[in-house]
Amino acid sequence: MIIKENAKARKILANNLIYFRLDKGWSQEDFADKLGTTPTYVSTLENAKRNTRIDYIGHLADTLEVSLEQLFIDRPSVKNHRIPRR
């Protein structure tokens with residue numbers, strides 16, 4: 001079913017955003033600053049509550065310095081812990 005696949009893709013993307021953000025030691029606020037957006041928007045992406053445009057996914061990949069493919073690898077769930085803003 002298409003709806004379930006869309007939700008799965010959103011969850012995979014969300015998990016990978018957290019994975020790569022934490023790997024860089026960035027808080028959601030740091031990541032938002034680098035993207036030129038708000039921490040609230042980053043939070044909705046990381047919680048799989050928002051769809052985003054394909055060109056913005058490219059912007060996410062560029063900012064995290066990863067390939068688009070890496071954002072859609074189905075990894076084990078990452079524990080999202082709070083990193084203080086620098």
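These figures come from a predicted structure and were not determined experimentally. Computed over heavy atoms, backbone and side chain alike; hydrogens, waters and symmetry mates excluded.
Nearest heavy atoms, Glu46 versus Gln28: OE1-NE2, 2.7 Å. Taking all atoms of both residues into account, the shortest heavy-atom contact from Trp26 to Thr63 is CH2-O, 3.4 Å. The shortest non-hydrogen separation linking Ala32 to Thr38 is CB-C, 3.4 Å.
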Going through the distances and angles, do Arg75 and Asn16 end up as a side chain to side chain contact (heavy atoms under 4.5 Å, CB included)? CA-CA 8 Å; Arg75 304 174 197 280; Asn16 282 308; 2.4 Å; yes

List the steps, then state whether side chain to side chain contact (heavy atoms under 4.5 Å, CB included) holds for Tyr41 with Leu35. CA-CA 10 Å; Tyr41 185 74; Leu35 288 168; 5.9 Å; no

Dump the intermediate steps for side chain to side chain contact (heavy atoms under 4.5 Å, CB included) on Asp74 and Lys8, then the final yes or no. CA-CA 9 Å; Asp74 196 1; Lys8 182 178 179 183; 3.9 Å; yes

Phe31 vs Leu60, side chain to side chain contact (heavy atoms under 4.5 Å, CB included): CA-CA, chis, key distance, verdict: CA-CA 9 Å; Phe31 190 26; Leu60 293 165; 3.9 Å; yes

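Atom CZ in Arg21 sits 12.5 Å away from atom NZ in Lys34 (nearest 0.5 Å). Remark: Leu45 CG to Thr37 OG1 distance equals 8.0 Å, nearest 0.5 Å. For the atom pair CG (Asn51) and CD1 (Ile57), the distance works out to 9.0 Å, reported to the nearest 0.5 Å. A distance of 14.5 Å separates CZ in Arg10 from CG in Asn15, rounded to the nearest 0.5 Å.
Cluster membership check: Leu68 does not share its hydrophobic cluster with Ile12, using side-chain heavy-atom separations under 4.5 Å among Ile, Leu, Val, Met, Phe, Trp and Tyr. Each of Leu64 and Ile73 belongs to its own hydrophobic cluster when Ile, Leu, Val, Met, Phe, Trp and Tyr are linked at side-chain heavy-atom distances under 4.5 angstrom. Both Leu17 and Ile54 belong to a single network of hydrophobic side chains, linked directly or stepwise wherever heavy atoms of I, L, V, M, F, W or Y lie under 4.5 Å apart.
Using a distance-only test at 3.5 Å, with no hydrogens or angles considered, a donor-acceptor pair links the side chain of Asp30 to the main chain of Ser27.
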